Amino acid sequence: MSNTQPMRLETGGRIDREKPLSFSFDGKQYNGFAGDTLASALLANGVRVVGRSFKYHRPRGILAAGAEECNALVTVGRGALEEPNIRATMQPLYDGLEARSQNCWPGVKFDIGRSLDYLHFLWPAGFYNKTFIWPHWHWYEGFIRRMSGLGKLPPADDPDHYMHHNVHCDVLIVGGGPAGLSAALAASENTARVAVIEQDSRLGGSLLWSEGNINGERGDAWLEETVRVLRQRDNVTLLTNTTASAWFDHRMVIACEMVSDRRATGEGEGPRQRLWKVHAREIVLATGAIEQPLVFANNDRPGIMLASAVKQYCNRYAVAPGMRIAIATNNDSAYGVAGALMSAGVDVAAMIDARQSLAGEGARALRDQGMTVFHNAIPLDCRGDRGVRSVSVARRGGEERLATLECDCIAMAGGWQPAVHLFTQARGRLRYDPSLGAFLPDEIPPHVHVAGMVAGALTLDMALEQGREAGLAAAGDGLQVRPRTRSKSTGALHMERAGCEHRPDRQWIDFQYDVTLQDIDIAVAENYTSVEHLKRYTTTGMSVDQGKTSNVNALLALAERTGRTPGEVGTTTFRPFYMPVTLGALAGRDRGEFYAPVQRSPLFACHEQLNAQFEDYGTWRRPRVYPRNGESEQQAVAREAVAARTSVVVFDGSPLGKIEVYGPGAAEFLNRVYLNNVTSLETGRARYGLMLNENGIIIDDGIFARLPDDHYLVHTTSAGANRIHAWMEALLQGDWPDLDVLLTPVTSQWANIAVSGPRARELLERLEAGIDISNNGMPHMSIATGTVENMPLRVLRASFTGELCYELNVPADRGAALWGRLMQLGEDLQIMPIGVETLGVLRTEKGYLHVGSDTDGNTTPGDVGWGHVADRKQGEFLGKRSLSRTHNTSYGRLEFVGLTPVQDGSVLAAGAHVIGAEHTGAPAPTQGYVTSACYSPNLRRYVGLGLVQDGSRRQGETVNVYDNGQVHPAQLSTPAAWDPEGDRLHA
Amino acid sequence: MFRISCPFCGERDENEFVCGGQAHIARPEPAEQVSERDWAEYLFFRDNPKGLHFERWQHRYGCRQWFNIVRHTVSHEILAVYRLDEAPPDVDREEAV
């Protein structure tokens, strides 16, 4: 088997050689083993170029072995299941996995886009901002948009599903390495509920690939025993394949779990990913550290890797990342890598150590084994386009060349930066530690604990010790351990940075976005010396990398060039998310029909039977119109609108907001929230009212009616039902607790059917509801109760159509029965239903105000012709004082008017602007706008309503209405175009 | 995501609540006699402190009751929750940071 995987070592690794898996990359078949990642399997097969860089399309290989990978971004899967920008290092291998390279054409080995690289001197940092401004950005936008972006969207909707999961725990531990596990062990000794989140598929962190010695036993054995103990404890939850990516207020951490390999087999149950929302009392961050690259010429070539990744591939996956590996370092940690490679039988070309003197044991041991160790030396440049072939070694400073070494892999050990992303999201502060060459947690916020490499612990013992301390402090058992408020650096790497000198060849800082040291130089030369400006000007650390491998080198270069210390330069702000989270996981089940809840009237089935065309109005799905026999929508609206004014129609008004108001204080309460007088309303009568907020602005309107005793029924607009109820509750609970009033929202408890038209009374008489509905017995604006077929019935005579109209209310579950009965009784009257669009036509003809359409956030009662009511009202009401503010009483206000086209065939459209008659086109100062307009089938012309400056004083004046380049003259009038005297309402 | 202890229902997630802005805004009375400037202050001006903020919240998707909280606007720590008919608590400002 292994001869098909040329770079696979004969022995070792945590892979299962009994379980071979096959997979493909760019259409070619390969083999790997269970336990591999896609990256380790590609390396085992000797695949070196796996992607292309974003800007220059340079060939790129695998850089890392974990979340910090920024080169090996591939598309995995096929068809609707395909997903772009998967890090090959984070993708567990499964049988049949299909992966493809991205950002290249025609292929990853030969990519036309590479021409951008050969012309790189044309597009340094900032070229974009400097170049594409003349003559206009939009000239370039199209092709730049096509070139930008990584990967492609899948061609179809995602067939998988995603879940959200809320969990509460006492102690959340982020990171399942030695420090995290030690913390978990300590925290869960008693009763504290503990959760551990690990992004890898296995717990153990560095113990999975680094030899260690814990209390005299092998690290492996400790790991196995610890995981066994933790699994046995009921108060511990262990999550693997789960990345904690974001920290929110009150210690909620969002973590995304890769749940199933559904994509592997195309079958199986369960979600693809699960988004965990973890609410924790205390949080231990044991997030480890990320090794940093070294900066030298052409350091982005395939085959150049982080030294720790080289060791991981060798020890954990039994893969040799190269046949002959050169190691470049500026600290002690690379010597362990050299040791691991040599024990695995991999040829190490040399150790290139930047430090001035080499007193360490590591160097001596290597030399004893006959290896070349350069000191005070740096890699200067390397050769090999699609895979490194040699590295040239020079004395620090670069003048004195020492050697050129043949090698196919360079392991770089540039020091370790703690993974402080979550820590800073939690508002923790950092400090620069020169002995580590990294930013360490400094001021630790309350309820947060840090342990292990993230806290600067460089040895296993120290990590375990810190983990245990953090675990005990977090669990708070007896509080023997005081939580630390500062981390302390422990031990040293004996690090010595070589500095980033300017050289003619490009030296990469950010591999993914192709930001080089030269770009930093340009930014500094142009005075972008703040680290936040530098990041935005050069794009370093943006996008996929999020500063994981690029941040420290960028800001060290910046510090060097501006004569500041790294601490003075500081880091950019780390924001959520640490790792990308799919939109699917964030949306969870809230997609498709669950995206937003839909409210349906109790008469919904009746409308479906009548072939209604539905539309969503706010949260309600309502009939728009009921087309018959192939009618167009316009024809159907015309038929319904004419019927409403000539015979009888029914309209489903169930969504209309309904609030019952009871209690001794009800009349006083309503008198304060309505502009109109409530106290004078007699039992059995109804009144139209406007509601104002404290600013004097109209927020809702509707009919309120008085039932026997201290009991009122308040109608709000359909869209305002919840908002107005909440507002009334706020007033009663907060402002007027002395008023004894009870509110009950009853919108969904009643079905409401409006029976409207000149023959409405005739139809209602046939219903025999036991109510005197003669014009004298039940005048316009009155309410009565009765029963029909044993249903309690409330009848309100009020109109939104301008015709004789009765609103019949029955309990919601009886609505369909009443609807059916009315349709049956009215058959010979040619009764028909009308939809919301038709109602809109009728009320526009009649000039009835629609709050929200004909009013805006500035409209007062005076603007819509209700100023006299405000002036006459006795007593206090909301908004009263504000109506006399200068702003609300001055000239030039937008006032509610009707608009009548002057020319035959003229069109009026909502949104069109009113301009003075002296202007015949744009530009012209606006005098207001059309708020509602439609063709009136009853008047056979367009009717319009609008808000026009000083409109009430200008009636009769002709203005121009500007609409999409056309100008239509129109006359300002009173709002009501139909039956302005209102005789039909009182018929 | 805040966790808010409704005085009537207990601790719940923030998305069950709505914030109603600054609490304890006294309406100047009698309104008719309030100057234009003072009325504008009352309508439009609110505190925006870096520190303790007393504010009204409603448990809209729960018991629908309004209540007050004291929140630190930097740490978002909620230092007190109290009913509308209770006096604002004396919160130690130093400790809050």
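In what follows, every heavy atom counts, from backbone to side chain, and hydrogens, waters and symmetry copies are set aside. Note on naming: letters A, B, ... go to the chains in the order of the sequence lines (proteins, then strands), and numbering restarts at 1 for each one. These numbers come from a predicted model, not from an experiment.
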- Identify the residue among A/K277, A/M252, A/H279 that makes a side chain to side chain contact (heavy atoms under 4.5 Å, CB included) with B/D13.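 Only match with B/D13 under side chain to side chain contact (heavy atoms under 4.5 Å, CB included): A/H279.
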
What part of [X] lies closer than 4.5 angstrom to a heavy atom of chain A: side chain, backbone, both or neither?
{"X": "B/E14", "result": "neither"}
{"X": "B/W66", "result": "both"}
{"X": "B/Y42", "result": "side chain"}
{"X": "B/Q58", "result": "side chain"}
{"X": "B/R56", "result": "side chain"}

- Message: Please output the residues of residues 880-887 of chain A in contact with chain B, using a heavy-atom cutoff of under 4.5 Å, in numerical order.
- Response: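 Those residues of residues 880-887 of chain A which have a heavy atom under 4.5 Å from chain B are A/K880, A/R881, A/S882, A/S884, A/R885, A/T886.
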
Around [X], counting heavy atoms of other residues, nucleotides and ligands shown, do more than 12 lie under 6.0 Å from its [atom1]?
{"X": "A/Q874", "atom1": "CD", "value": "no"}
{"X": "B/F8", "atom1": "CZ", "value": "yes"}
{"X": "B/R27", "atom1": "CZ", "value": "yes"}
{"X": "A/Y595", "atom1": "OH", "value": "no"}
{"X": "B/N15", "atom1": "CG", "value": "yes"}

- Would you call A/H168 and B/R3 a side-chain contact if the rule is heavy atoms closer than 4.5 Å?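 Result yes, sub-4.5 Å side-chain heavy-atom pair found.
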
- Could you state the interatomic distance from CG (B/L84) to CG (A/L732), rounded to the nearest 0.5 Å?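 With rounding to 0.5 Å, CG (B/L84) is 11.5 Å from CG (A/L732).
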
- Task: Over all heavy atoms of both residues, which pair between A/E876 and B/A31 is shortest? Give the atoms and the distance, please.
- Result: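 Shortest heavy-atom separation between A/E876 and B/A31 comes out as OE2-CB, 3.9 Å.
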
- Heavy atoms only, distances under 4.5 angstrom: which of B/M1, B/E32, B/R60 has the most pairs with chain A? Name it, please.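 The candidate making the most pairs under 4.5 Å is B/M1.
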
- Interchain contact, A/N722 with chain B, by part (heavy-atom threshold 4.5 Å):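 Nothing of A/N722, per the 4.5 Å heavy-atom cut-off to chain B.
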
- Steps toward side-chain contact (heavy atoms from CB on, under 4.5 Å) verdict (B/L43, A/E694): CA-CA 7 Å; B/L43 288 182; A/E694 187 70 307; 3.6 Å; yes

- Message: Using modelled atom types and a 3.5 Å cut-off, is there a donor and acceptor pairing between side-chain atoms of A/H250 and backbone atoms of B/H76?
- Response: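 Side chain of A/H250 to backbone of B/H76: a pair is present.
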
- Answer yes or no: is there a donor N or O on one side and an acceptor on the other, between the side chain of A/Q733 and the main chain of B/R64, under 3.5 Å?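 Indeed, once roles are kept as given, a pair shorter than 3.5 Å links the two residues.
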
